[in-house]
Amino acid sequence: MVVLSRHWGKTIFPISSRHSHSKPHQNHRIIPQLNLTFNNGEQQRTLLESQLVSLLDGCTHLAQLNQLHAHLFRRGLNQCSLLVAKLLRILTALNVPIHAYPRRLFDQVHNPNAFAYTALIRGYSLLGPFEESVVLYTQMRREGVRPLSFTFSALFKACSGALDVDLGRQIHAQTVYIGGYESDLFVGNTLIDMYVKCGALGCGRRVFDEMPERDVISWTSLIVAYTKSGDMDAAGELFDGLPDKDMVAWTAMITGYAQNARPREALSLFESMREAGLKTDEVTLVGVISACAQLGATKYAGWIRETCEKEGLSPNMNVVIGSALIDMHSKCGSVEEAYLIFKDMTVHNVFSYTAMILGFAMHGLADSAIKLFYEMTETEIKPNKVTFIGVLTACSHAGMIREGQRLFTKMQDEYGVTPEADHYTCMADLLGRAGHLEEALDLINSMPLEPHGGVWGALLGACRIHGNSDIAELAATHLFELEPNNIGNYLLLSNIYALVGRWSDVSKVRNLIRSRGLKKNPGCSWVEAKDGVVHEFFAGDMRHPKSKEIKDALDELLKKLKVDGYKPILSSVVYDMSDIEKERRLKSHSEKLALAFSLLTTSSDSPIMIMKNLRICEDCHIVMCGASRVMKREISVRDNMRFHHFRDGACSCGNFW
DNA sequence: TTAGGGTTAG
């Protein structure tokens with residue numbers, strides 16, 4: 001009989017997990033004392049195995065694992081399937097590359113059983129390479145080992161990882177060996193998930209419909225699939241029919257609305273969720289924060305901030321919440337507030353830096369964006385492709401051609417980020433906006449990848465600023481092919497023709513719009529009133545209860561501006577109509593209605609914030625400038641591109657937009 | 001063993 005009594009009392013350093021930086025642990029952790037009796041009897045051996053399994057459960061440090069493994073090896077227990085399966089699970093959770101140590105561990109086992117196979121399959125299906133899962137499954141079948149239900153769960157996970165629906169179908173057929181997916185709820189759920197992740201939503205739905213038993217996870221998988229495919233009606237129908245909605249199901253639905261540009265529904269659903277008495281966690285709040293950012297609702301944003309703090313999710317401790325809040329405050333108009341959050345955060349990552357850089361860019365603070373970028377490069381955090389979108393956008397909105405070109409080169413040479421079409425969009429915008437239209441065109445023609453609509457769109461936008469109808473035609477030809485249903489491109493081209501007086505071409509484009517059956521996307525602006533209620537205005541819309549007063553206030557304002565020298569920019573109207581008609585049309589623009597409403601309903605010292613779904617037109621831009629001086633008000637407009645802060649007759653964009 | 005997450009340009 002061998003008596004084993006050891007005390008491993010060393011200082012242990014925790015293994016770094018995916019999300020935390022590894023630092024020596026402050027409190028010294030002591031590995032529990034192991035005191036086991038062992039002899040050659042089978043019964044004791046089994047007992048020892050089960051004790052070791054539970055000991056492994058408590059292992060959170062690589063050093064502990066190494067010691068335990070050495071111990072197993074000495075006892076010949078490294079060949080025990082159950083223990084190895086357990087070890088493999090822990091190693092997978094610690095993201096240890098499977099093909100290295102975990103694989104060697106498995107290879108030491110003689111006649112591995114289904115648990116050992118499954119643990120390794122699961123490791124590969126979570127960490128890759130995914131194909132290895134299937135290789136192992138084949139080997140397992142060849143050896144005559146019967147698969148378990150969770151062998152299939154792991155295999156389906158591998159198929160979703162590899163996005164291989166054909167393979168998924170083949171494995172689906174194999175579930176006959178466990179009595180079909182209908183026999184096991186987990187298998188059914190992972191099967192749904194596999195189909196929907198591979199884009200075969202219909203197959204996922206069929207599995208769902210045929211399952212004899214479903215749980216909230218089955219429902220949620222499908223709800224998420226519908227939200228991701230943009231079918232919020234189908235998602236909503238399922239959600240309404242779900243009997244016991246848990247926090248995850250609510251969150252899936254809220255996030256779905258947020259991701260499908262329906263922030264109001266997201267926020268109102270969040271309120272219902274609170275009323276239903278459900279708890280909230282950081283994932284829920286991230287969706288809500290994103291909805292709030294889209295809406296630009298400052299009052300609501302403040303309330304969300306408080307909710308985060310109340311839930312113990314302080315932005316300076318939680319980098320995900322922090323990054324989301326930086327984005328929200330930037331989009332709600334307060335880049336200052338965003339920067340306060342950024343500064344107070346104790347942990348930063350590429351998301352928090354990128355959100356802040358984009359925030360600065362959005363507000364035209366190019367210098368701050370670029371400064372922060374260089375600060376970031378002093379840390380260990382590597383900029384990614386989105387970070388470069390941020391700095392390049394900052395340069396283009398500020399007309400900083402040299403800096404933009406320098407960053408574009410650095411991006412590849414120093415940071416190994418390969419430029420994608422989106423980066424070329426930024427560059428085409430940067431060059432084009434500054435009037436270097438030919439150079440922008442050369443850049444597009446020299447692209448190593450196929451330019452997408454964004455790239456040509458940037459060039460077309462630049463042509464509008466500089467009134468170049470020749471290059472515009474070229475860009476538009478590509479755009480009409482790439483984005484035949486995007487009405488914005490047609491309107492831009494006809495606007496450019498109108499600018500240079502080519503009226504017959506204007507009507508040709510208008511006929512093209514008509515023949516393709518395209519409808520103009522209605523311009524919409526909204527403002528948040530003191531009580532947090534959001535008021536919406538559409539161009540020419542007189543449905544607001546205060547319409548009469550709004551119209552009068554606007555007339556009054558325009559009268560004052562005309563005394564001040566304002567002349568309506570009639571070329572902002574694309575249609576060939578009389579000047580009086582054009583002026584009437586300009587007056588109905590939604591951002592002007594929103595401005596008049598704000599002047600009517602807010603105190604004279606409070607700043608005005610207007611949100612708009614489309615780009616602000618030149619005439620409205622001038623009116624906002626004038627209004628800020630004549631009415632002595634701070635006015636900000638967030639259009640679909642960026643913020644314009646109007647102060648004392650000037651705009652933060654420097655009329656460069 | 002299974003479900004929900006943050007930054008993207010014209």
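Just the heavy atoms: all of them, side chains too, but no hydrogens, waters or symmetry mates, feed the values below. We name chains A, B, ... by the order of the sequence lines, and we start the count at 1 in each one.
Side chain of A:E483, nearest nucleotide from B:dG10, B:dG4, B:dT7: B:dG10. The side chain of A:D429 lies closest to B:dG10 when the candidates are B:dG4, B:dT1, B:dG10. The side chain of A:F351 lies closest to B:dT7, out of B:dA3, B:dT7, B:dT2. Closest contact between the side chain of A:V319 and the listed nucleotides B:dA3, B:dT2, B:dG6 involves B:dG6. Among the nucleotides B:dT1, B:dA3, B:dG4, the one closest to any side-chain atom of A:K157 is B:dA3. In the set B:dA9, B:dT1, B:dG5, B:dA9 carries the atom at the smallest distance from any side-chain atom of A:M641. For A:Q259, whose side chain is taken as the heavy atoms from C-beta onward, the closest listed nucleotide among B:dG10, B:dG5, B:dA3 is B:dG5. In this structure, of B:dG4, B:dA3, B:dG5, it is B:dG5 that holds the atom nearest to the side chain of A:V320. Considering only side-chain atoms of A:H397, the nucleotide from B:dT2, B:dT1, B:dG10 that sits closest is B:dG10. With distances taken from any side-chain atom of A:N349 to the nucleotides B:dT7, B:dG4, B:dG6, the minimum falls on B:dG6.
The residue A:T251 sits close to a base: some heavy atom pair falls under 4.0 Å. Nucleic acid contact class of A:G453 (heavy atoms, under 4.0 Å, all strands): base. Residue contacts for A:D193: at a heavy-atom cut-off of 4.0 Å it reaches the sugar-phosphate backbone alone, with no base atom in range. Contacts of A:G287 with the nucleic acid, taken as non-hydrogen atoms under 4.0 Å apart, are absent. Looking at heavy-atom distances under 4.0 Å, A:I389 makes contact with a base. A:L479 comes within contact range of at least one nucleobase, with a heavy-atom separation under 4.0 Å. Residue A:S218 is classed as having no contact, given no heavy-atom separation below 4.0 Å to the nucleic acid.
When the C1' atom of B:dG10 is taken as reference, atom CZ of A:R615 falls 7 Å away, rounded to whole Å. Computed from coordinates, the A:L325 CG to B:dT7 C1' distance equals 13 Å when rounded to whole Å. Put simply, CD1 on A:I444 is 14 Å from P on B:dG10, counting in whole angstrom units. Distance, A:N189 CG to B:dA3 P: 9 Å, rounded to whole Å. Rounded to an integer number of Å, the gap from A:L155 CG to B:dT1 C1' is 12 Å.
OP1 or OP2 of B:dT8 has at least one side-chain nitrogen or oxygen of A:K331 nearer than 4.0 Å. An OP1 or OP2 oxygen of B:dT2 is reached within less than 4.0 angstrom by no side-chain nitrogen or oxygen of A:R214. The shortest distance between the side-chain N/O atoms of A:H478 and the OP1/OP2 oxygens of B:dG10 is not below 4.0 Å. Side-chain nitrogen and oxygen atoms of A:K228 include at least one within less than 4.0 Å of the OP1 or OP2 phosphate oxygen of B:dG5.
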When you look at A:R122 and A:T92, which way does the side chain to side chain donor-acceptor pair (under 3.5 Å) test go after all the steps?
-> CA-CA 8 Å; A:R122 188 173 168 277; A:T92 305; 5.0 Å; no

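Between A:F186 and A:F152, the gap from one ring centroid to the other reaches at least 6.0 Å.
Applying the side-chain hydrogen bond (donor to acceptor under 3.5 Å, both in side chains) test to residues at least two apart or on different chains, none of the pairs has a partner in residues 238-249 of chain A.
Cation-pi contact between A:R146 and A:Y177: absent, since separation from the ring centre below 6.0 Å together with deviation from the ring axis within 45° is not met.
With hydrogens and angles ignored, no donor-acceptor pair under 3.5 angstrom links the side chain of A:T190 to the base of B:dT2.
The salt bridge (Lys or Arg N to Asp or Glu O under 4.0 Å) check on A:E473 picks up A:R502, with sequence neighbours excluded.
Between A:F342 and A:H348, the ring planes are tilted. Angles from 30° to 60° get that label.
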